[in-house]
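Take a look at the structure set out below.
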Amino acid sequence: MFSCWTRRQKANMSKAKATQPQVIHKVIMVGSGGVGKSALTLQFMYDEFVEDYEPTKADSYRKKVVLDGEEVQIDILDTAGQEDYAAIRDNYFRSGEGFLCVFSITEQESFQATADFREQILRVKNDDNIPFLLVGNKADLEEKRQVTVDEAQQRAQQWSVPYVETSAKTRANVDKVFYDLMREIRSRKMEATRQSNGKPKKKKEKRRKCTLL
Amino acid sequence: MPAQEGEDAPLLPPDTPLKIMEEEKPLLPGVTVRAATPERLVHLCVESFGDDGDLIDDSEYPSVLFLMHKWFMTSEELGKAFVDIYQSCDETILCTKPGCIHLHSNKGCEIQAYKAKICYAVRYWITNFPVHFDLDTHLKSVIRKFGTLVNSEGNHMFKELIDLSKVPSYDWMRNMSVRPGNSMRHNRKVSLVFNHLEPLELAEHLTWLEYKAFRRINFTDFKNYAMTASLKDNPKLERSIALFNGLSQWIQCMVLSKTTPQQRADVIVKFVNVAKKLRTLKNFNTLMSVVGGLTHSALARLAKTNACIPSETQKTMMEYTELLSSNNNFSNYRKVFNQCPGFKIPILGVHLKDLILLHTALPDRVEGNLINFRKMAQLSQTLKELTKLQNHEAPPVCANMDLVNTLRLSLDLHYTEDEIYELSLAREPRNSLSSVSETPSTPTKPVVFADWLAGVSPPDPNTINKHVHDMVEAVFKNYDHDKDGFISHAEFEAIAGNFPFIDSFCVLDADQDGMISKAEMKTYFFTANCHALRNSFKHDFHEYTYFKPTFCIHCTGLLWGLIKQGWKCKDCGINAHKHCKDLVVMECRSKQHAACNRRLDSVSNGPSPHQDLTYSSKRKMSQRQKRNRVHVGTQTEEAYFTDLSRHINGNWGIRDKLIAENKQLKEKLEQSNEQNIMLKSHLGVIRKNTIAFILEQMDALNIQRDTEV
Ligand SMILES: Nc1nc2c(ncn2[C@@H]2O[C@H](COP(=O)(O)OP(=O)(O)OP(=O)(O)O)[C@@H](O)[C@H]2O)c(=O)[nH]1
Ligand SMILES: [Mg+2]
Ligand SMILES: [Zn+2]
Ligand SMILES: [Zn+2]
Ligand SMILES: [Zn+2]
């Protein structure tokens, strides 16, 4: 949060690198209250070991993972409980390198809200190609579906982002959304390094894929 | 679920339902139960007390149980459970004292000793959680009956233990709105005008408001939010969040209301100083809101403004940014907060998140129907902190109620994120030369007065009305020195400075006597506030034929042609080009005006709703001109607007001159750079009378050009 004012923060991170030789990918969970952001986060972080979960520890939302053979860390900021703090959402978004924009397929309103979140993220990040996945959660509740695959896909296509349906309950696609997003972040970072090395920017190919259960 | 824990109860035959699971590594001292039936939990509580009534080994178990019981049972049920245990003591407790007949007079009777402990437990509950009792009549009656029962056994000493008469009143918790408490020691003398307010005064009054709103949120409110993730039927929490958002936005608007980068920087410096005081007061919630506002991208992007901020202030800002950073799960904040002794206000959002995640992660019941007490112990650590303020008698600040009322109303005004961001763009347009990746993310589109994105609804008209009433009374108390019920225009304008971008002065001083009455001022603020409600922004445009030269409210250009030159709003009468009408950002004022005028008509010969726009524009304009003579502003502009105002007045003689000058102005505008165009397209955002607003923007442009070259 507040990354704009924190140059020192970067220094801290490089210091930490000495002990923790990993790259950190910062992921932010956004979406209306109750769509399952926390459930997805907890499933990914703790699997069946939620018993050990302590919400207040500094590393509660940081996990070492192997991404295509490379050891990296994922840092997840769940905005649960702060959905209504509109005024500071902006600051949270700034620190994110990638976004999982979650709605519940059983709640049309939560799908509508994704457009607002997307807009705010784009404004804050000032970047149309920010790593971003549209996630339709609670896919196990097919009988209560209010948002069709088609309309969700259409929106994703319009934004040129992938659409994935998940279930925090059955764990379907949970790892996938986090890994896919990390891959996007990684390729974005590599692109940025290439650019800063003076090489011409390769036009980013827009992805149009969609994953369903 | 760790199944092996079932083996903790080896004495039970295999078919007896499990009643208790023990904790291997207690999270808190004395909390040795992992899960149990409610009845077992109550027994454990009783057994946490020694014969002398003290807690054994400073066990934290009773405080966790009493704090958390509402998560899984009502207070009434818990109270009854104690009574049940008391009544069944004779059967369940084995007295090993030889020859004992188990009367209260029998020294060393083990049954009597257990009964005493039950009363000690209830006493502990009453003393440490008086709020449970004052607010719950069912619980009160259970405990009263318990007292009668104890008394009937002749145990007067026990009866005293469970006496409710000393429970303080928590009446204030029942009230929604923030009100002056009786505990106010002195009513400080302070200025009500933002520019004259000291940072300390602001910080103290904000803390006072925060304190009042925060401590009113009770356990059940937190629990419901953690469970439903929704503010529906949670007005106290909603109010607190609205205050938080309102303050953040007020700060952004106060900054953005200034025309020059230096003026904006000055406001930022002032709020950073407010932040410092909030830090000293250990009011982290308000601090978060202030810093959140100051670092919001609508302000952070203002390069010219930021260049004017002294490095000292930048440093402080960075310090707080790091303190409140979400990095490492808010570890900086958590560390500092935990170390702070005494009065402090936590960042509500951070702790709400902890509650929600714990609740998502862990089930309430395990192994069939046992209460998951480990979860309760974990939740209790957060809830203890969140409910602490309820027992804090007074914040370490004293407040001037008049200032509180003024501030509170300032924070009631709602703006959307979009509006504020558009305003920021208008103040300092995007740099067209910036990096490739900085392509505008969204096409510039008309400001939409979106739904209350967050689900926080604006205060209802009655609340606003009450706030307005209190505030106006406060203003008059302080400024109407001769108590004649009027204050001067100048004084009013100074106070209105606290409310950036509220509507123009059109409904003010309706009788134009140069003085403002209470009624006029109340109407003014109430109307202004209503405008913030989004329903009033929709225009009802229809194609229209004009019989005299008319100008577009959006682009200020003439509506060309002989017939059907433009579009007119049926309700408020504004006019615009076809291609401009969807870009108009000024609200539709007709209904409020009509209402206000009706009210004002009774005291004066106010203008009819239809004439009102012309009338108010005129008034506004003459005010502007007066101000403009003092400020910068080119001759041409002044001449132009003077003429325009005469035109609106119905003066036909200067029509040609007007058109010529309008053309001149247009040429001038075309010559200006892209910035100018950007600026212009966002002009209306401020919701002021458009024409008056252009003048102000022109000032800003001139100043910007001057400083740039
Ligand atoms: N059936 C089903 N229920 C789910 C799924 N994901 C979450 N839930 C349930 O939805 C509810 C809300 O989940 P949370 O994870 O707390 O929602 P959130 O988006 O984090 O929202 P907050 O409550 O504001 O944190 C909980 O009762 C979950 O058990 C899912 O994939 N399938
Ligand atoms: Mg959640
Ligand atoms: Zn006995
Ligand atoms: Zn126009
Ligand atoms: Zn209108």
Side-chain angles (χ1 to χ4, degrees), chain A residues 1-9 12 32-39 41-42 46 50-51 53-62 75 77-95 113 116 119-130 168 195 201, chain B residues 1-2 225-226 228-231 238 241 244-249 288-289 291-293 295-298 300 314 317-318 321-322 324-329 331 334 349-358 360-362 374 378 381-382 417 421 436-442 450 453-456:
Chain A
M1 158 174 201
F2 307 149
S3 55
C4 181
W5 296 91
T6 49
R7 204 154 286 151
R8 216 188 303 162
Q9 199 176 297
N12 283 350
S32 313
V35 296
K37 297 183 296 293
S38 318
T41 309
L42 290 164
Y46 295 93
V50 278
E51 295 271 315
Y53 169 66
E54 279 179 49
T56 59
K57 272 183 12 201
D59 58 1
S60 289
Y61 305 101
R62 199 170 267 204
D75 181 293
L77 175 61
D78 179 1
T79 58
Q82 310 189 50
E83 294 94 347
D84 298 306
Y85 287 91
I88 49 169
R89 229 170 14 210
D90 172 278
N91 293 297
Y92 286 139
F93 289 176
R94 230 181 295 164
S95 69
D116 297 327
E119 198 175 310
Q120 201 176 359
I121 290 166
L122 292 187
R123 188 165 71 203
V124 171
K125 301 302 289 186
N126 211 350
D127 176 1
D128 275 342
N129 293 325
I130 188 82
Q195 254 179 38
K201 189 195 175 188
Chain B
M1 226 33 52
Y225 188 69
T228 65
S230 156
L231 287 177
E238 186 174 0
I241 295 178
F244 185 103
N245 289 336
L247 175 58
S248 244
Q249 298 190 329
M288 182 71 149
S289 164
V291 176
T295 57
H296 194 282
S297 51
Q314 304 255 22
M317 198 114 108
M318 210 128 101
T321 306
E322 263 174 59
L324 305 177
S325 156
S326 61
N327 278 346
N328 298 317
N329 194 14
S331 62
R334 289 183 200 271
V350 172
H351 301 280
L352 284 180
K353 172 183 151 172
D354 295 345
L355 288 182
I356 286 168
L357 275 142
L358 267 177
T360 309
L362 308 170
R374 182 193 284 170
Q378 282 189 275
Q381 288 170 298
T382 302
E417 292 273 309
Y421 200 78
V436 198
S437 71
E438 232 207 2
T439 47
S441 49
T442 39
L453 235 194
V456 177

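A, B, ... follow the sequence lines: proteins, then strands. Residue 1 opens every chain. Because the structure is a prediction, the values reported are computed rather than measured.
- Residue Ser248(B) holds its OG atom at 12.0 Å from CZ of Arg89(A), rounded to the nearest 0.5 Å.
- Nearest heavy atom pair, residue Ser38(A) against residue Ile356(B), reads OG-CG2, 3.9 Å.
- Annotation: ring pair (Phe, Tyr, Trp, His ring centres under 6.0 Å) contacts of Tyr421(B) (sequence neighbours excluded): none.
- Cation-pi contact between Lys353(B) and Tyr92(A): absent, since separation from the ring centre below 6.0 Å together with deviation from the ring axis within 45° is not met.
- A donor-acceptor distance shorter than 3.5 angstrom exists from the side chain of Asn329(B) to the backbone of Lys57(A), with no hydrogens or angles considered.
- Between the CG atom of Asn91(A) and the OG1 atom of Thr321(B) there is a distance of 8.5 Å, given to the nearest 0.5 Å.
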Could you give me the CA-CA distance, side-chain angles and deciding distance for Leu358(B) and Tyr53(A), then say whether side chain to side chain contact (heavy atoms under 4.5 Å, CB included) is met? CA-CA 8 Å; Leu358(B) 267 177; Tyr53(A) 169 66; 4.3 Å; yes
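- Across all non-hydrogen atoms, the minimal contact from Gln378(B) to Pro55(A) is NE2-CD, 4.1 Å.
- Taking each heavy atom of Ile241(B) and Asp84(A) in turn, the nearest pair found is CG2-O, 3.3 Å.
- Annotation for Ala229(B) and Gly34(A): closest pair CB-N, 3.6 Å, computed over non-hydrogen atoms.
- Under a 3.5 Å cut-off, the side chain of Asp90(A) and the backbone N or O of Ala298(B) do not form any donor-acceptor pair.
- Side-chain contact check for Thr56(A) and Asp354(B): no donor-acceptor pair (N or O, by modelled atom type) lies under 3.5 Å.
- Side-chain contact between Val350(B) and Tyr85(A) is absent, with no heavy-atom pair separated by less than 4.5 Å.
- Between Arg94(A) and Ala300(B) the shortest heavy-atom distance is NH1-CB, 3.8 Å.
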If you apply the rule side chain to side chain contact (heavy atoms under 4.5 Å, CB included), what do you find for Leu42(A) with Leu357(B), and how did you get there? CA-CA 8 Å; Leu42(A) 290 164; Leu357(B) 275 142; 3.9 Å; yes
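- In terms of heavy-atom proximity, Tyr225(B) sits nearest to Gly81(A) at OH-O, 3.6 Å.
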